[in-house]
Amino acid sequence: MLVGCSISRFKARSSFLLQWGWAHLKSKAQDVKVAVRCALQHGIRHIDTASIYKNETEIGEVIREYINNGSLTRNDLYVTSKVSPFEMKDEATTHAASKAILDRLGLDYVDLMLIHWPGAAKTELSSPENAKKRQRTWRALEELYTKGFARAIGVSNYEIHHLEQLVTYAKVLPVLNQVECHPKWPQNELRQFCFENNIALAAYSPFATGDFFSDSELFFYSTKDSIRMPR
């Protein structure tokens, strides 16, 4: 399991964004449930998943477990999911995929719905068709937002030119762009663009997918300051 979404908490037009979250990649069903319970027990309230991770059903079961036993309310939680590159064919496909996400989670809405990747499956990344599919997918997410099934909408893995295209046709601007970002890959230009356009930047893999924990320079300074490195 990965810690993700190291962004500041602030009012993002229509929804609060939380500073830390727990992201779930492809894992065994029981492992997912254990991880979600552990995260909730330790105060994490942002659960980040995606259609392509194939674990929304297990996450939803744990969320409902905590809500039904009175430990948490739905308003205590911030749930993010993402439509996959396989769900970007047209607006109808994305609508159906979004409904399926909610059904698997067992929720009436998600706090944030993202386009997972700027390219559709089985389409060359450089193909002009991708731009058309991104626009159609965004239209579907805007409708999801206006109908209240997503409290906020955004994107993931978008580069500057993708965002520049998006802002030209978006009726609802993205609140967030979720990308890999850490000291080894600071994404300075992208972060500046997002800042200037009031788009939050969320960092997934903020520890460089664990590479930091074996970094010799980081190990030196952690030892110097008597900080124990995770294993």
Side-chain angles (χ1 to χ4, degrees), residues 1-10 12-26 44 46-53 55 78-88 94 101 110-121 123-127 130-131 133-135 137-138 141-142 145 150-170 172-213 215 218:
M1 298 302 141
L2 301 176
V3 175
C5 297
S6 54
I7 57 178
S8 299
R9 181 180 180 132
F10 70 104
R13 291 191 287 277
S14 63
S15 182
F16 281 106
L17 300 178
L18 301 183
Q19 186 172 6
W20 287 100
W22 201 257
H24 299 271
L25 303 182
K26 294 180 180 179
I44 289 176
H46 181 184
I47 304 299
D48 182 296
T49 184
S51 175
I52 207 166
Y53 297 166
N55 56 22
Y78 194 96
V79 180
T80 297
S81 194
K82 315 172 191 74
V83 295
S84 82
F86 294 94
E87 299 161 342
M88 293 176 64
T94 303
I101 287 171
V110 291
D111 297 277
L112 179 64
M113 185 73 81
L114 306 177
I115 297 177
H116 203 154
W117 187 259
T123 306
E124 290 292 332
L125 198 57
S126 59
S127 170
N130 267 320
K133 291 181 178 181
R134 284 195 299 271
Q135 183 170 357
T137 303
W138 189 252
L141 260 61
E142 287 179 324
Y145 169 76
R151 296 289 176 89
I153 55 177
V155 295
S156 181
N157 297 299
Y158 269 44
E159 298 178 1
I160 290 175
H161 69 279
H162 300 128
L163 294 171
E164 288 174 332
Q165 290 176 354
L166 176 56
V167 299
T168 64
Y169 57 74
V172 179
L173 292 174
V175 300
L176 177 144
N177 183 22
Q178 187 184 104
V179 298
E180 182 173 356
C181 185
H182 44 72
K184 290 188 176 181
W185 191 8
Q187 301 264 32
N188 292 328
E189 292 183 4
L190 180 59
R191 286 194 292 120
Q192 184 62 30
F193 180 91
C194 289
F195 176 79
E196 291 173 354
N197 288 273
N198 195 29
I199 300 170
L201 188 139
Y204 68 75
S205 299
F207 300 121
T209 321
D211 286 352
F212 281 177
F213 304 145
D215 184 277
L218 188 62

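These numbers come from the heavy atoms of this one structure, side chains and all, not from hydrogens, waters or symmetry mates. Only a predicted model underlies this, so the values are computations on that prediction, with no experimental measurement involved.
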Spacing of CD1 belonging to I52 relative to OG belonging to S81, to within rounding of 0.5 Å: 11.0 Å
Measure across R151 and Y145 and return the closest heavy-atom pair with its distance rounded to 0.1 Å. O-CE1, 3.3 Å
Specify the closest pair of heavy atoms between A170 and W138, including all atoms of both residues, with the distance to one decimal. CB-NE1, 3.5 Å
Got a second to check how far Q192's CD is from L201's CG, nearest 0.5 Å? 11.5 Å
So, for W185 and E180, which heavy atoms are closest and what is the spacing to 0.1 Å? CZ3-OE1, 3.6 Å
Of the non-hydrogen atoms in Q178 and S156, which two are nearest, and what is the gap between them? O-OG, 2.9 Å
From L166 atom CG to N177 atom CG, the distance as rounded to the nearest 0.5 Å: 9.5 Å
Kindly check if the number of other-residue, nucleotide or ligand heavy atoms within 6.0 Å of CD (E196) is above 12? yes
Checking Y53 against D48: is there a side-chain donor and acceptor pair closer than 3.5 Å? no
If I compare all heavy atoms of P85 with all of W117, which pair ends up nearest, and what's the gap? CG-CB, 3.7 Å
Using side-chain heavy atoms (C-beta onward) and a distance below 4.5 Å, is P118 in contact with V155? no
Measure from the side-chain N and O atoms of Q165 to the backbone N and O of H162, and report whether any donor-acceptor pair falls under 3.5 Å. no
Just by modelled atom types, is the M113 backbone N or O under 3.5 Å from a matching donor or acceptor in the K82 side chain? no
Between N130 (side chain) and E124 (backbone), is there a donor-acceptor pair under 3.5 Å? yes
Minimal non-hydrogen separation, G154 against L141, with atom names: O-CD2, 4.1 Å
Any donor-acceptor N/O pair, S51 side chain to V83 backbone, under 3.5 Å: no
Has R191 got a side-chain atom pairing as donor or acceptor with P186's backbone, closer than 3.5 angstrom? yes
What is the distance from atom OH of Y169 to atom CD of E142, rounded to the nearest 0.5 Å? 9.0 Å
Checking side chain to side chain contact (heavy atoms under 4.5 Å, CB included) for the pair I153/V172: CA distance, chi angles, key distance, verdict? CA-CA 8 Å; I153 55 177; V172 179; 4.0 Å; yes
Whether the side chain of D111 engages the backbone of T80 through a donor-acceptor N/O pair (distance < 3.5 Å, no angle test) should be reported. no
Atom NE2 in H116, atom OH in Y158: separation rounded to 0.5 Å? 12.0 Å
Decide yes or no for V179 and L190: does some side-chain heavy atom of the first lie under 4.5 Å from some side-chain heavy atom of the second? yes
How about F195: does its CZ atom have over 12 heavy atoms from other parts shown lying under 6.0 Å from it? no
To the nearest 0.5 Å, atom OG1 of T49 lies from atom CG of N55 at 4.0 Å
Qualifying residues under side-chain hydrogen bond (donor to acceptor under 3.5 Å, both in side chains), relative to Q187, sequence neighbours excluded: none
